[in-house]
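Worksheet for the structure shown next.
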Amino acid sequence: MRQIDHFIVGGPGAPAARKGDIFDPNNGGVQAQVALGDAALLDKAVAAALAVQPAWAGTNPQRRARVMFKFKELVEANMDALAHMLSAEHGKVIADAKGDIQRGLEVIEFACGIPHVLKGEYTQGAGPGIDVFSMRQPIGIGAGITPFNFPAMIPMWMFGVAIACGNCFILKPSERDPSVPVRLAELMLEAGAPEGVLQVVHGDKEMVDAILDHPAIGGVSFVGSSDIAHYVYNRGVAAGKRVQAMGGAKNHGIVMPDADLDQVVNDLAGAAFGSAGERCMALPVVVPVGDDTAERLKAKLIPAIEALRVGISTDAEAHYGPVVTQAHKEKVEGWIARCAEEGGEIAVDGRGFTLQGHENGFFVGPTLIDHVTPDMDSYRNEIFGPVLQIVRAPDFETALSLPSKHQYGNGVAIFTRNGHAAREFAARVNVGMVGVNVPIPVPVAYHTFGGWKRSAFGDTNQHGTEGVKFWTKIKTVTARWPDGGGDGSNAFVIPTIG
Ligand code: NAD
């Protein structure tokens with residue numbers, strides 16, 4: 001069976017005492033095993049990072065940027081192979097796998113401009129003969145702990161910026177689909193990053209705890225589910241680190257009566273069901289404003305959802321593939337059952353879906369549930385599957401209050417032709433990322449990504465200038481250069497030689 005090992009300087013040394021199974025989502029069963037590391041293995045990686053970090057920080061920013069340029073070229077040249085590797089472990093279709101890699105590469109493109117972004121501030125003459133300037137210095141060694149659902153993009157959000165800023169980076173990817181992160185680290189080495197600048201350690205809670213407690217790691221970026229994000233934030237901060245920890249989501253799409261419903265249905269097909277709903281920026285809740293809007297929307301949604309093609313991840317015609325594991329399939333189907341028990345009306349039921357020839361694959365059919373209400377557990381919690389819930393709102397204010405009062409505040413969208421309604425909504429909604437007629441409002445790489453409430457702990461977003469802020473410390477120098485005359489006068493004296 002294929003074995004996936006840590007990517008650290010000098011290699012792991014000894015065979016792993018513990019291993020995790022990597023499933024084949026298309027067919028069920030185990031396709032590979034990943035080594036699960038511990039504190040001793042992390043120590044090795046940290047020692048290697050410490051050895052190289054001063055030289056990497058001292059490498060001028062344009063040389064660091066050149067490594068990023070080269071890395072981007074290499075990833076592009078390997079796009080097909082990476083996308084297939086990603087799809088085989090995650091289950092997302094090849095087009096989505098390429099999107100995952102491409103959105104990560106956009107952060108690498110941002111990192112190629114790091115010399116410009118790292119320029120400090122300068123004040124001449126803050127006092128007599130006094131100048132003040134600031135510089136951004138790397139925090140040293142950063143770590144990233146990432147989820148299964150974007151095994152290329154999210155690691156690149158983190159290490160792209162951190163490494164360009166002069167840090168060494170230790171990545172602990174999801175143990176469910178760890179192959180692509182290792183391949184990215186290999187390509188970074190090939191691009192010219194010195195050994196030890198990017199290392200990958202695999203593991204579960206044991207490795208996460210070792211990272212959070214390690215005194216030489218200065219900052220930890222986490223993306224995953226909210227309870228674990230909260231835990232990671234608290235433990236990391238208690239150990240004196242800076243921590244940003246992004247959590248789960250339950251994003252709403254508000255549909256005003258004047259919205260273009262054909263466009264909305266098209267957008268929802270992608271945003272609610274694409275990647276089997278396993279996106280933190282998916283749109284699993286739709287809020288039609290007014291019963292008439294709800295009825296018209298539902299009439300269009302049902303045939304569109306029934307027409308979605310569920311297939312294996314390499315099926316070029318498939319709209320989406322399997323979910324990541326059998327356990328996750330059961331969890332999603334459990335939430336559908338729970339929602340029905342709570343009073344939701346199932347309009348399209350995806351439970352029990354099987355794909356001919358792939359009967360053991362982890363497939364869930366597309367599901368639509370109407371008359372979902374805010375008091376239901378299945379509404380309050382993240383389902384993370386191909387399930388769309390309809391919550392009807394009588395008016396704009398009620399629709400605005402739903403995502404605003406929800407425990408999660410990652411993304412939200414409004415569909416309308418009314419500029420005033422959209423403007424009001426964007427200004428007042430209590431959510432971090434807003435789309436206006438844009439179903440998945442993931443900001444471009446030179447802006448920043450981050451939710452509010454239980455969708456993010458810590459106060460700095462991912463990538464863009466916020467990412468640079470997170471991965472650097474600011475130092476401010478106040479310098480006084482007296483005239484040098486020594487006679488107390490203000491005479492301007494240039495030192496002479498000889
Ligand atoms: P997860 O929380 O199970 O795992 C995330 C990481 O935490 C993994 O590296 C995992 O090894 C580690 N981990 C798991 N259990 C742990 C424990 N008990 N203690 C310490 N570490 C532990 O998340 P997942 O299932 O891989 O990913 C899906 C979740 O991630 C969803 O909730 C989704 O909304 C969220 N997500 C959020 C964003 C965002 O930017 N807000 C982006 C993508 C995914």
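Below, all heavy atoms of this structure are taken into account, side chains as well, without hydrogens, waters or symmetry copies. Both counts, for ligands and for their atoms, begin at 1 and track the order of listing.
Of the charged side-chain nitrogens involved, none lies within less than 4.0 Å of a carboxylate oxygen, so that R176 and E89 do not count as a salt-bridged pair. Comment: D204 does not engage K172 in a salt bridge, judged by the lack of any side-chain N to carboxylate O separation of less than 4.0 angstrom.
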Tabulation required: pairs of a nitrogen or oxygen in ligand 1 and a protein nitrogen or oxygen under 3.5 Å; columns are atom names and distance to 0.1 Å; otherwise 'none'.
from: ligand 1; atom 1: 2 (O); to: S225; atom 2: N; distance (Å): 2.9
from: ligand 1; atom 1: 2 (O); to: S225; atom 2: OG; distance (Å): 2.5
from: ligand 1; atom 1: 9 (O); to: T146; atom 2: O; distance (Å): 2.8
from: ligand 1; atom 1: 9 (O); to: K172; atom 2: NZ; distance (Å): 2.9
from: ligand 1; atom 1: 11 (O); to: K172; atom 2: NZ; distance (Å): 2.7
from: ligand 1; atom 1: 11 (O); to: E175; atom 2: OE1; distance (Å): 2.6
from: ligand 1; atom 1: 11 (O); to: E175; atom 2: OE2; distance (Å): 3.4
from: ligand 1; atom 1: 25 (O); to: R176; atom 2: NH2; distance (Å): 2.8
from: ligand 1; atom 1: 26 (O); to: F148; atom 2: N; distance (Å): 3.0
from: ligand 1; atom 1: 30 (O); to: G224; atom 2: O; distance (Å): 3.2
from: ligand 1; atom 1: 32 (O); to: E382; atom 2: OE1; distance (Å): 2.6
from: ligand 1; atom 1: 34 (O); to: E382; atom 2: OE2; distance (Å): 2.6
from: ligand 1; atom 1: 41 (N); to: G247; atom 2: O; distance (Å): 2.8

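Between W157 and F449, the angle of the ring planes lies from 30° to 60°, which puts this pair in the tilted group. Ring geometry for F457 versus H230: interplanar angle under 30°, hence parallel rather than tilted (30 to 60°).
R380 CZ: more than 12 foreign heavy atoms inside a 6.0 Å radius.
In this structure, Y379 has its ring center closer than 6.0 angstrom to the ring center of H406.
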